[in-house]
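Numbering starts at 1 and runs along the sequence shown. What you are looking at is a predicted structure, and each value in this text was computed from that prediction instead of being measured.
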Amino acid sequence: MALTNGPNLGLLVNGNAGEGHYSELMKQWRGLDGLVMPNAKGYLTNTPPGSPSDGDLYIIGAAPTGAWAGQGGKVTRYSTAASAWEFYAPKNGWMVQANSARETYRYTGGAWEIYYQEGTWTPTGVGVGGTGIAYSGKYTKIGDRVDFAIGITGTSLTSLAGTTNVTLPF
């Protein structure tokens, strides 16, 4: 019997006793380490970093180069034990959190998308009269829904125009 990989993570699930599958078993443990509660250092990145650290994980973009060539759209994790990048084909519903941003990426319909995102922006065009006016904005995006809050501060707020238009972060 040949070694068999599972349908969800693509990791080893079966093999005959005595088969030489030690390297596949070790790859499985590394895959579990990277794919259970994954944190990506980059989203839709096409160029591998020059000096990756053990466990660095990326979501590869559509036009990868170098060691990632031909692996577009996959999740990759660097392993110092293997001295190589290991690649995993995503399945619908996979989610990966960003390491440095307040974002979560979701794989759906054959493509990656930003599913959850938090951030700030500076709104313009609000239409408040007065002196020393400053605007601030915060948002949370979940799927297609965006919730936002706008703060208006100033030394003297005197009027709000009849129609108020505001720029949004999306």
Side-chain angles (χ1 to χ4, degrees), residues 1-16 19-123 137-150 166-170:
M1 166 190 268
L3 299 178
T4 307
N5 293 333
N8 294 322
L9 295 178
L11 301 175
L12 179 69
V13 295
N14 200 5
N16 286 333
E19 270 187 318
H21 55 277
Y22 175 81
S23 63
E24 287 298 313
L25 184 60
M26 293 302 102
K27 182 179 179 185
Q28 172 172 302
W29 291 117
R30 292 188 302 269
L32 286 171
D33 180 63
L35 297 175
V36 175
M37 300 297 292
N39 287 294
K41 291 191 75 157
Y43 169 65
L44 300 182
T45 305
N46 286 310
T47 305
S51 300
S53 296
D54 191 38
D56 284 357
L57 187 130
Y58 291 84
I59 298 172
I60 302 175
T65 62
W68 295 355
Q71 303 292 337
K74 291 184 179 177
V75 174
T76 188
R77 178 185 181 277
Y78 188 77
S79 167
T80 55
S83 296
W85 292 98
E86 295 176 321
F87 302 95
Y88 305 94
K91 307 286 190 255
N92 277 339
W94 277 28
M95 296 183 92
V96 176
Q97 177 143 350
N99 226 6
S100 59
R102 291 183 171 155
E103 295 178 341
T104 300
Y105 314 112
R106 180 176 66 172
Y107 188 79
T108 180
W112 287 98
E113 66 180 4
I114 297 175
Y115 178 72
Y116 176 88
Q117 184 177 48
E118 293 177 19
T120 61
W121 91 106
T122 303
K138 294 181 357 179
Y139 67 88
T140 302
K141 177 184 178 291
I142 302 173
D144 292 335
R145 177 185 169 142
V146 177
D147 294 323
F148 64 93
I150 297 174
V166 61
T167 59
L168 296 175
F170 300 98

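The two atoms that bring R30 and A81 nearest to each other are NH1-CB, 4.1 Å, heavy atoms only. Among all heavy-atom pairs drawn from P123 and G137, the shortest one is CD-N, 3.6 Å. Counting all heavy atoms, side chain and backbone alike, A67 lies closest to P48 at N-CG, 4.0 Å. The shortest heavy-atom contact between S79 and E86 is CB-OE1, 3.9 Å.
Atom CZ of F148 has 12 or fewer neighbouring heavy atoms from other residues, nucleotides or ligands inside a 6.0 Å radius. Within 6.0 Å of NZ on K91 lie more than 12 heavy atoms contributed by other residues, nucleotides or ligands. Atom CG of N92 has more than 12 neighbouring heavy atoms from other residues, nucleotides or ligands inside a 6.0 Å radius.
A111 pairs by the side chain to side chain contact (heavy atoms under 4.5 Å, CB included) definition with nothing, not counting sequence neighbours. Residues passing the side chain to side chain donor-acceptor pair (under 3.5 Å) test with E113, sequence neighbours excluded: R106. By the ring-ring contact (aromatic ring centres under 6.0 Å, His included) test, Y58 is found to be paired with W68, W85, residues two or more places apart in sequence or in another chain being considered.
No donor-acceptor pair closer than 3.5 Å links the side chain of T104 to the backbone N or O of Q97. In this structure a side-chain-to-backbone donor-acceptor pair under 3.5 Å is missing from K41 to P52. Side-chain atoms of D56 never come within 3.5 Å of backbone atoms of Y78 as a donor-acceptor pair (strictly under, hydrogens ignored). Checked by atom type and distance alone, the side chain of N99 never pairs as donor or acceptor with a backbone atom of G42 at under 3.5 Å.
Atom CD of Q71 is separated from atom CG of N46 by 12.5 Å, given to the nearest 0.5 angstrom. The distance from the CD atom of E118 to the CD atom of E103 is 10.0 Å, given to the nearest 0.5 Å. In this structure, the separation between OH on Y43 and CD1 on I60 is 13.5 Å, given to the nearest 0.5 Å.
V75 is not listed as a side-chain neighbour of F87, based on a closest heavy-atom distance of 4.5 Å or more. When side chains are defined from C-beta on, Y88 does not count as touching T76, because their heavy atoms never get closer than 4.5 Å. You'll find the side chain of V96 reaches within 4.5 Å of the side chain of W112, heavy atoms only. No side-chain heavy atom of Y139 sits less than 4.5 Å from a side-chain heavy atom of D147. Under the 4.5 Å side-chain criterion, counting only non-hydrogen atoms from C-beta, L35 is in contact with W94. You'll find the side chain of T45 stays beyond 4.5 Å of the side chain of P64, heavy atoms only.
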Handout entry: Working for side-chain contact (heavy atoms from CB on, under 4.5 Å), residues W121 and I150
Key = CA-CA 9 Å; W121 91 106; I150 297 174; 4.2 Å; yes
